[in-house]
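Notes to accompany the following structure.
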Amino acid sequence: MNFHSISNALRWMRNHKKLILFVITMIFIAILASCAGDASGATLAAGILVTGAEGGKHVVQGPLTTDLSEVGSPDLLLNEIDQQIVKIRPMSTPIDQISRYAGSKHSGSMVVDYYSVDTKPTKTILLQSVDESDVKPGDETPITVINAQNNDIFDPTDTILVQNTPGYTSDGLTESQQDLMLYVIGRDSNGVSVVAVNGPTINNVPNCIPEIPARTTLVRMGRAASELDVQSPQFEALPKKSRNLCQIFKMQVEQSTLQRLSNKEVGWTMSDQEEAAVYDMRLGMEKSFLFGVAKRLWDNSKKEYVYFTGGIWNQAGKTHNIESSRELTSNDMVDLMRDAFTGNAGSKRKILIGGSGLIGRISKLDYTRVITAGQHVSKWGIDFTELRSKFGCLYLLLSEVFDEVGMKDAGIVIDPEYIQKYTHIPFSTEQLNLKKSGVRNVDALVMTEASCLVLRYPKAHMRIITT
């Protein structure tokens, strides 16, 4: 090539700089795309997604779009239904709603094993009556063996309050206003050996045991050690293992192509279908979370196991009975709240969810200074009516699920601090391409969740049954 030709070429390049720059840029883009390959690159809406040295995704020659986000990081953008699920008719599914607000723990298996620690019982019933001490002058303070329904709750140095059995004054001659108190000396297979702390004086022998009738309530109180005691009977609390199964909940929404393209009198779209499906799915989950039966069943047609979750109704550790033959009174409500808040060391704010019959009976009460109906309280996206008492506060809510399962006069008191949700498959949505697979000419969406509910502290929750 002579000098004249080179000069003409340089002159042409100077005159067409923009064209040359454009060609070089396109070649560079084509090289990057070919290097990335099908597995590591994608071109959407004039943007190119390439894989970096450490496996990260990068966008070149174009803006970051939602389409590129779904390809490069499919979990980055939340589906609108998943994001808004707690806002879809929360009043109809309170158990599911509360569990979602409280957050869930991931379960690596469809089978969930969990532990709960119970409190040591504080009271029991005397099985056999105790006779008055038979002592003679000069005898030492008598030791008496008693047998209770549960002797194991008593250890040496424990003190026992004998309800409705009067104790005696310091001289042992006159009954006092205080109940009789016993001191535990030991425990063996024969029963619990005790001495009286404020018993009567018989034949000049102090602190004898008075007559105690059977079925008397014995209350375990604090331990009393002597000055030289260094040790005390040991206390052990072992957690109890329980099990529940995660259930796979699914709901599929379909809309044909012609339905989507047709003109409609109202704006009924696929999103409306999805919202209605989410509500129906949550309603079914609510019933399973409440009254489901934990079971693993072999489906012979599918040749695989199907898991069913157990409901919290049968997990509750306490039961309160209400008579159906008479009107509910404020005294009955006091008893209900006493059972709900005492003997379990739970929260002082709990939730009462019941059927229309139970809620109706409670609503007819004339409230007093002891139990008052407070203002409406909004928590977890739900509007409750607050009932206050000296024992604690109950958030009252109607659940038509109880009516649907034939339990309109029943209810359950739950402690939101001790309800836990386990999730094996988080709530997710998946588009099905049924057109491409040749199944149906529809737009299809499947919603899936595999989860279960457990009550970590059963005695903090209570069933309410009308008998």
Side-chain angles (χ1 to χ4, degrees), residues 115-135 139-170 172 175-202 205-242 317-320 338-346 391 457-462:
Y115 288 86
S116 58
V117 179
D118 199 358
T119 57
K120 189 176 180 179
T122 60
K123 62 175 63 177
T124 185
I125 301 296
L126 187 67
L127 292 180
Q128 299 174 350
S129 62
V130 178
D131 295 331
E132 184 181 80
S133 298
D134 183 13
V135 293
D139 288 346
E140 295 181 352
T141 300
I143 298 177
T144 304
V145 177
I146 63 174
N147 274 296
Q149 196 173 52
N150 186 2
N151 290 330
D152 295 334
I153 71 173
F154 301 117
D155 287 313
T157 72
D158 276 343
T159 53
I160 302 174
L161 186 71
V162 185
Q163 286 189 357
N164 300 321
T165 299
Y168 285 75
T169 57
S170 58
E175 290 186 358
S176 69
Q177 300 297 320
Q178 294 179 315
D179 286 337
L180 177 69
M181 192 169 76
L182 307 176
Y183 177 68
V184 179
I185 300 298
R187 188 193 73 214
D188 55 26
S189 58
N190 296 322
V192 182
S193 300
V194 298
V195 296
V197 176
N198 58 341
T201 298
I202 302 176
V205 178
N207 294 325
C208 294
I209 300 289
E211 182 179 353
I212 306 175
R215 308 303 299 173
T216 298
T217 300
L218 305 178
V219 181
R220 180 172 59 87
M221 300 174 66
R223 292 180 176 178
S226 63
E227 181 180 354
L228 299 182
D229 282 343
V230 176
Q231 294 182 323
S232 172
Q234 65 270 23
F235 177 85
E236 302 90 2
L238 296 178
K240 177 184 176 183
K241 185 177 181 179
S242 301
K318 300 175 67 175
T319 301
H320 181 84
R338 181 189 62 188
D339 286 351
F341 288 102
T342 60
N344 54 64
F391 298 104
Y457 188 7
K459 284 198 173 181
H461 314 269
M462 184 178 74

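Predicted, not measured: the structure shown is a model, and the values here were computed from it. One is the number of the first residue; the rest follow in order along the sequence.
Closest of all the heavy-atom pairs between V145 and N190 is CG1-O, 3.7 Å. Counting all heavy atoms, side chain and backbone alike, S176 lies closest to P166 at O-CB, 4.1 Å. A pairwise comparison of heavy atoms in A196 and C208 identifies CB-O, 3.3 Å as the closest pair. The minimum heavy-atom distance between N207 and T141, with the atom names listed, is O-CG2, 3.5 Å. Between V195 and P142, the closest heavy-atom pair is CG1-O, 3.6 Å. For P210 against T165, the heavy-atom pair with the smallest separation is CG-CG2, 4.5 Å.
The closest side-chain heavy-atom distance from Y183 to T159 is below 4.5 Å. Annotation: side chain of I125 is not in contact with side chain of T216 (no heavy-atom distance under 4.5 Å). Looking at heavy atoms from C-beta onward, V130 lies in side-chain contact with L126 at the 4.5 angstrom threshold. Side chains of S193 and V184 form no contact here, defined as non-hydrogen atoms less than 4.5 Å apart. I160 has its side chain within reach of F154: a pair of non-hydrogen atoms, C-beta onward, lies under 4.5 Å apart.
D179 places no side-chain N or O within 3.5 Å of a backbone atom of Q163 that could act as its donor or acceptor partner. The backbone N or O of D339 sits less than 3.5 Å from a side-chain atom of K318, completing a donor-acceptor pair.
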If you apply the rule side-chain contact (heavy atoms from CB on, under 4.5 Å), what do you find for L180 with N198, and how did you get there? CA-CA 6 Å; L180 177 69; N198 58 341; 3.5 Å; yes
Take I202 and E132 through the test side-chain contact (heavy atoms from CB on, under 4.5 Å) and record every step on the way to the result. CA-CA 9 Å; I202 302 176; E132 184 181 80; 3.5 Å; yes
Using side-chain contact (heavy atoms from CB on, under 4.5 Å), reason through T201 and Y168 one step at a time and then give a plain yes or no. CA-CA 9 Å; T201 298; Y168 285 75; over 6 Å; no
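Few gaps surround CD on E175; more than 12 heavy atoms of other groups in view lie less than 6.0 Å from it. Sparse packing is recorded around CG of D134, with 12 or fewer heavy atoms of other residues, nucleotides or ligands lying under 6.0 Å away.
Here the rule is side-chain contact (heavy atoms from CB on, under 4.5 Å) with N150, and of T124, L127, L218 only T124 fits it.
Atom CG in N164 sits 7.5 Å away from atom OG1 in T217 (nearest 0.5 Å). Remark: R338 CZ to H320 NE2 distance equals 8.5 Å, nearest 0.5 Å. Here the OG-CD1 distance, from S129 to I146, works out to 12.0 Å after rounding to the nearest 0.5 Å. With values rounded to the nearest 0.5 angstrom, L182 atom CG is found 10.5 Å from M221 atom CE. Taken from CD in E211 to CG in D131, the straight-line distance is 6.5 Å, to the nearest 0.5 Å. Annotation: the span from S189 atom OG to N151 atom CG amounts to 10.0 Å, rounded to 0.5 Å.
The residues R187 and D155 are annotated as salt-bridged, a charged nitrogen and a carboxylate oxygen being separated by less than 4.0 angstrom. Between R220 and D158, no side-chain nitrogen of the basic residue sits less than 4.0 Å from a carboxylate oxygen of the acidic one, so the salt-bridge criterion is not met.
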